[in-house]
Every structure is written in structure tokens, then in C-alpha cells.
Amino acid sequence: MNFIELLRREATVRLGFYGCVAVALALSDMTIVIIINHVLMQDDIAQVPLWHIGAFALLVATRKYSQEHLIRVGGNEIMRIIHSVRVRIIDKVRRVDVKSMELTDQSALLIGTIANVSSIGYLSFYVPLLFKGIIQILFLLIYVYFISATQFVVALAAMLLIALSFWEGTTKIQRSMSEMQESDKSFLSTASELMEGFKEVKMNRWRSDALIGDVTEVSAANLRANSRLREDVLKDYGWSELLLACFIGALVFVEPRLIGTSTQTVMQVAVAALFMASLVREAITTGTEVIILNSVCGGLVQIEREIDQLRSDEPGETPPLWSTFESLEFRQITYDNVDALAKARFTVGPFDLTIKPGEIVFLTGSNGSGKSSVLRLIAGLYPPHRGDVLVDGHALRGDQFVQYRSLISCIFAEHYLFHKLYGFEVDPVRAARLIDEMGLRGKTDLVDGTFSTLALSSGQRTRIAMISALLEDRPIYLFDEWAADQDPGFRHRFYREILPQLKAAGKAVIAITHDTEYFPYCDRLYDVQRGRLVEITEVAVGASL
């Protein structure tokens with residue numbers, strides 16, 4: 001079982017602890033049954049010594065607090081394990097290289113890591129409950145054996161039949177659970193398309209109706225899987241109830257007629273049987289919940305295995321990061337860009353490029369020429385398949401790309417904005433000044449390193465990304481068509497104010513641009529042709545720099 005695998009691998013509380021507490025609970029139950037039977041065997045129950053009552057009360061209290069302690073400690077341990085595994089999974093994800101992540105179904109990964117895990121806190125209640133219930137049933141069976149070997153055989157046979165019936169039903173329950181989880185993923189995936197493609201949905205009523213049709217179909221499949229799950233659980237419960245009734249009926253009506261067991265023995269066993277019946281009902285209910293928990297844990301185990309198969313380009317420990325450079329060289333850089341089927345789509349390079357602090361380099365080229373791939377290679381997100389990246393004359397090797405990337409701030413064409421500025425201390429005075437310079441005063445604010453809102457227009461969000469990059473204050477800046485969605489005023493400011501300020505501060509800038517009128521305001525200009533860099537010398541560069 002996946003849950004057992006997690007416990008064996010991750011648990012810090014020894015199983016012996018659970019065993020001791022469960023045995024204490026079982027002994028309490030058995031002693032309570034013994035006291036009740038002893039009292040019932042008295043001719044005058046009113047004359048029962050008071051110490052029997054005191055012992056009974058003490059055992060009930062012991063049972064209550066021992067059970068609560070077992071459930072609390074067990075539940076906390078399960079939640080600690082899930083927390084540890086989930087954080088470890090996300091930590092592994094951040095170390096996966098960019099190309100592997102691009103070729104991975106990220107939505108399935110997130111859904112599998114997050115979906116249903118919130119229910120584990122509730123489900124974790126049932127695992128120690130099931131464990132102690134099984135121990136209690138075993139002890140009561142031992143007690144019945146000492147009363148009557150014949151009655152023990154009847155009780156054991158009933159318990160085994162109930163266990164076999166439940167075990168057979170678990171296969172159906174697990175299948176229904178898998179179907180329900182798959183339909184959950186499908187529903188979330190389909191519903192997310194509505195959110196992500198909202199404008200396109202609004203523009204096409206037929207598309208909108210078809211999408212809602214799919215949502216309805218997926219939701220109905222989810223409902224059917226849920227109904228099958230409930231039916232499977234109900235059948236298991238029904239069979240168990242029937243077997244329990246047959247067991248008690250055989251105990252009271254059949255066995256005394258066939259064997260001639262005394263009424264006193266039947267009464268003693270009947271009390272134990274009633275205790276066992278309540279424990280069996282509890283075990284069936286909790287067992288079903290544990291199956292669900294096992295399924296959730298299985299999803300986490302499987303996801304971690306899948307992530308372990310992905311290529312990682314970062315070490316386990318964060319190395320000392322770099323903050324300065326004197327020269328950056330790309331020698332015969334070549335990269336075979338592949339698709340999800342591992343078939344090469346096109347090759348970027350080979351290309352050569354040298355960058356020094358205080359230089360501005362523009363890259364231009366037609367759509368599909370490989371500009372974005374070149375930028376990812378320069379950023380160190382795509383480690384080259386052939387060629388060398390040299391920082392201050394030393395070629396990068398292995399996990400040094402982590403240190404290299406610490407030199408660079410990037411704003412990609414499809415950038416992501418974080419509400420919180422992670423990883424560095426923010427100068428509130430400078431942040432306020434940048435917000436004002438970017439024309440965002442009154443539209444957003446930065447409080448304790450967190451933007452008050454990111455619900456802004458596309459151009460304004462791109463300016464937020466610039467604010468974040470400038471606050472990082474790294475020595476190299478990469479911009480992928482930053483000015484494309486800016487109005488003429490901010491486009492002019494980007495080329496005639498922001499870039500010169502970065503140059504004056506000794507920053508190196510590599511920018512992808514199609515704004516031909518601003519080509520002269522760089523130190524070098526390259527045309528990207530089929531993934532290669534061809535320097536453009538026809539345009540006079542270095543104007544007003």
C-alpha cells in the first residue's frame with residue numbers, strides 16, 4: 001500500500017508506540033467486558049462491590065484518553081509526513097531544468113500535488129482508529145476463546161468472512177476512487193480553460209456552449225464515479241451487517257441447541273460479541289476512509305517518482321551565488337530544441353557572442369527565427385548541447401549555471417508576476433520612486449515587499465516586471481520585446497532613459513526588439529537567422545550613448 005510505504009519511509013514515531021497504546025486500549029475494552037460479565041453473573045446485582053464501579057469508571061476514562069492520544073499523535077504524524085513529502089516534491093520541481101518542465105503536464109502535476117491533500121487532515125483521523133480497532137477485536141477474540149473454544153471458532157469464522165468480504169470490496173472501491181480522481185482532474189482542467197481563455201470564450205458563443213457541454217459531461221462522469229463509490233461502500237457495509245447478525249444469531253439460537261452451551265456462557269460471549277460488532281462497524285467505516293487516504297498518498301508517491309525521472313540542473317544545496325562579472329562569452333553555442341515527442345524541431349546556433357559590463361546589445365529577427373531560444377540560452381535556462389559559456393574566462397560546468405543565473409534579471413515576453421518580491425530586501429524609498437516613474441502611482445503600491453494589486457493592464461504589468469527587475473539590481477538584464485505593449489511615451493522612455501541609465505550603472509543589457517527606429521541606440525545589433533546571430537553593420541549604432 002502507498003500509505004504503508006510512506007509510513008515506512010517517512011515516519012519518525014515508532015510503530016511500537018502505536019502498538020503499546022492500542023494494546024492498552026484493547027486491554028481496557030477486554031477488562032470492561034470482564035467486569036460487565038462478572039456483574040451479570042451475580043445473583044443480586046445491587047450487591048456488587050463499589051470497587052467494580054470504580055474500576056469500570058477508571059477503565060472508561062483510560063480508554064477515552066488513550067484513544068484520543070493515539071488519534072492525535074497518529075494524525076499529527078500523518079500530517080507531518082504529508083507536509084514533508086509535499087514540500088520535498090515542490091523543492092524537487094524547482095530544481096528541474098526549464099526544457100523538462102516545458103515538456104511536462106504542469107497542470108496535472110499541480111492538481112496531483114494539491115488536490116485532495118486538504119482532506120488528509122480529516123482522513124488522518126481514521127488510520128489510528130482502524131489500527132486500534134483491529135487490536136481490540138483480536139483481544140476480544142482471545143477473551144472469547146477462554147470462555148468457549150466453540151464460540152471462538154464461530155466468532156473467528158464470522159470475523160474472517162467479514163474481512164474477506166471487505167477485502168474483496170476494496171478492489172471495486174479503489175477502482176471507483178481512481179475514476180473519481182481522474183474525473184476531478186478532467187473537471188479542473190476543463191474549467192481552467194474557461195478562466196485562461198475567457199476572452200476567446202466570450203468571442204465565440206458556440207465555443208462557449210461546447211465548453212460548458214464538456215464541463216457538464218465531465219462533472220456528470222465525476223458524479224457517476226462518486227455514486228459507484230458510495231454503492232460499493234454500501235454493499236460492503238450491508239454484507240458486514242448481515243454477517244454480524246448471522247454471527248450473533250448463531251451464537252444465541254443455533255449453537256446452544258447443537259452443542260448445549262450454557263446460558264451463562266452464551267451471555268458472556270454475547271456481551272463480547274456486541275462489543276466486537278461495534279468495533280467491526282467502526283473498522284469498516286474507517287477502513288473505507290483509509291482506502292481513500294491510501295489513494296491520495298499514492299498520487300503523491302507517483303508524482304514524486306515522475307519528478308525524479310526529470311532532469312535536474314541544480315544541486316541539492318544552494319552554492320555561493322555570483323554578483324559581479326567582467327566578461328561573458330558564448331563560444332560556438334548550439335542547442336537542439338526538441339518537442340514533447342523528443343524529435344528535434346530546429347537547431348539554435350552555432351553562435352558566438354561576447355558581452356561586457358556597460359554594453360547594450362539588441363537582437364532582432366523574424367518570428368520563429370529562434371530569438372527567444374537564444375535569449376534562454378544566454379539566460380542559462382537552456383544549457384547548450386555544444387559549445388561553452390565562459391564567465392571571466394572560465395567555462396561553466398554542471399551546477400555552475402545556478403551561480404551564473406544569479407547574475408541575470410529577465411523579463412520574458414510571457415513573464416510571470418509575483419505578488420511578493422522574493423529573495424531580496426526591498427528599498428521602500430526606491431520602490432516608491434520607481435512606481436511613480438512607471439506611471440503606476442495610485443494604481444498599485446509595494447507594502448512589505450508585496451504589491452497591493454496586480455490587476456492591471458498588460459502594459460502596466462510589464463512595467464511592474466521592470467520595477468521588480470530594477471529592484472533586484474543584478475549586473476545583466478535580458479528583455480524580450482519589453483516595449484511591445486507600451487504606449488509611445490513609455491516605449492521612448494525605455495530606449496532613451498531606462499537603457500542608458502542601466503548602461504551608465506555598468507549593467508549589461510541584451511534586448512530583443514523590432515523597434516527599428518531605436519536600433520541606433522545600442523552598441524551592437526544582431527539579426528537572428530535560423531538560430532544564428534548575424535551582426536548588422538549597415539545600421540550606425542552607439543547614437544547618444
- Message: As an exercise, state the distance from CG of L502 to CG of D473, rounded to the nearest 0.5 Å.
- Response: 9.0 Å

- Message: Listing request: all side-chain hydrogen bond (donor to acceptor under 3.5 Å, both in side chains) pairs with a residue in residues 357-371, at least two apart in sequence or in separate chains.
- Response: E359-R524

- Message: How long is the straight-line distance from CZ of F519 back to CZ of F362, given to the nearest 0.5 Å?
- Response: 8.0 Å

- Item | Backbone of S406 reached by a side-chain donor or acceptor of W322 within 3.5 Å | no

- F490 six-ring centre to R493 NZ/CZ under 6.0 Å and within 45° of normal: yes

- Note on the structure: Residues L456 and T453: closest non-hydrogen pair is CD1-O, 4.3 Å

- Item | The single option from I378, D352, L390 passing side-chain contact (heavy atoms from CB on, under 4.5 Å) against F330 | I378

- Message: Set out, in order, the CA-CA distance, both residues' side-chain angles and the distance that settles side-chain contact (heavy atoms from CB on, under 4.5 Å) for T334 and H385, then state yes or no.
- Response: CA-CA 6 Å; T334 305; H385 292 139; 5.7 Å; no

- Message: If we ignore hydrogens and angles and just use 3.5 Å, is the side chain of R405 paired with the main-chain N or O of G380 as donor and acceptor?
- Response: yes

- Query: What pair of heavy atoms forms the shortest contact from R461 to L454, and how long is it?
  - Reply: NH1-O, 2.8 Å

- Task: Give, for atom CG of L471 and atom CZ of R430, the distance between the pair rounded to the nearest 0.5 Å.
- Result: 5.5 Å

- Item | Aromatic ring pairing Y495/Y518, orientation class (parallel under 30°, perpendicular over 60°, tilted between) | parallel

- Closest non-hydrogen atom pair, Q486 against G459: NE2-O, 2.9 Å

- D445 backbone acceptor or donor facing S452 side chain under 3.5 Å: yes

- Message: Quick check: closest heavy atoms across D480 and A413, and the distance to 0.1 Å?
- Response: CB-N, 3.4 Å

- Message: One pair to check against side-chain contact (heavy atoms from CB on, under 4.5 Å): L478 and F412. What are the steps and the verdict?
- Response: CA-CA 8 Å; L478 306 183; F412 297 104; 5.8 Å; no

- Can you name the side chain to side chain contact (heavy atoms under 4.5 Å, CB included) partners of R530, sequence neighbours left out? none

- Report, as yes or no, whether the 6.0 Å neighbourhood of atom CD on E497 holds more than 12 heavy atoms from other residues, nucleotides or ligands. yes

- Under 3.5 Å donor-acceptor, Y477 side chain and A469 backbone: yes

- Item | Donor-acceptor contact below 3.5 Å, side chain Q332 vs main chain G387 | no

- On a heavy-atom basis, the closest approach of V348 and G531 is CG1-O, 3.5 Å

- Item | Geometric class of the Y335/Y382 ring pair [parallel <30°, tilted 30-60°, perpendicular >60°] | parallel

- Message: Using only atom types and a distance under 3.5 Å, with no angle test, would you say the side chain of D523 pairs donor to acceptor with the backbone of I360?
- Response: yes

- Item | Spacing of CD1 belonging to I411 relative to CG belonging to L470, to within rounding of 0.5 Å | 7.0 Å

- Item | Worked verdict on L328 versus Y404 for side-chain contact (heavy atoms from CB on, under 4.5 Å) | CA-CA 10 Å; L328 177 59; Y404 166 66; 3.5 Å; yes

- Presence of salt bridge, R463 and D485, under 4.0 angstrom: no

- Task: State whether the side chain of D515 and the backbone N or O of E517 hold a donor-acceptor pair below 3.5 Å, judged by distance alone.
- Result: no

- Message: Please check: side-chain N/O of D392 versus main-chain N/O of E326, any donor-acceptor pairing under 3.5 Å?
- Response: yes

- Taking the side chain from K507 and the backbone from I476, do they hold a donor-acceptor pair closer than 3.5 Å? no

- Task: Kindly indicate, with the supporting measurements, whether the criterion side-chain contact (heavy atoms from CB on, under 4.5 Å) is fulfilled by L377 and F351.
- Result: CA-CA 11 Å; L377 282 162; F351 68 83; 4.0 Å; yes

- Message: Let's go through R441 and D436 carefully: what are the C-alpha distance in whole Å and the side-chain angles of both, what is the deciding distance for salt bridge (charged side-chain N to carboxylate O under 4.0 Å, His left out) to 0.1 Å, and is it a yes or a no?
- Response: CA-CA 5 Å; R441 180 192 291 180; D436 188 38; 3.2 Å; yes

- Under the salt bridge (charged side-chain N to carboxylate O under 4.0 Å, His left out) criterion, do D448 and K420 qualify, and how do the steps go? CA-CA 9 Å; D448 296 328; K420 184 177 180 179; over 6 Å; no

- Query: Is there a ring-ring contact (aromatic ring centres under 6.0 Å, His included) between F479 and F494 once you walk through the steps?
  - Reply: CA-CA 11 Å; F479 301 119; F494 173 67; 5.5 Å; yes

- Task: Measure the spacing between CG of D388 and CZ of R331 and express it to the nearest 0.5 Å.
- Result: 7.5 Å

- Query: OG/S323 to CG/L407 distance, rounded to the nearest 0.5 angstrom?
  - Reply: 7.5 Å

- Message: Taking atom CD as the centre, does E425 end up with more than 12 heavy-atom neighbours from other residues, nucleotides or ligands that are less than 6.0 angstrom away?
- Response: no

- Item | Backbone of G489 reached by a side-chain donor or acceptor of H492 within 3.5 Å | no

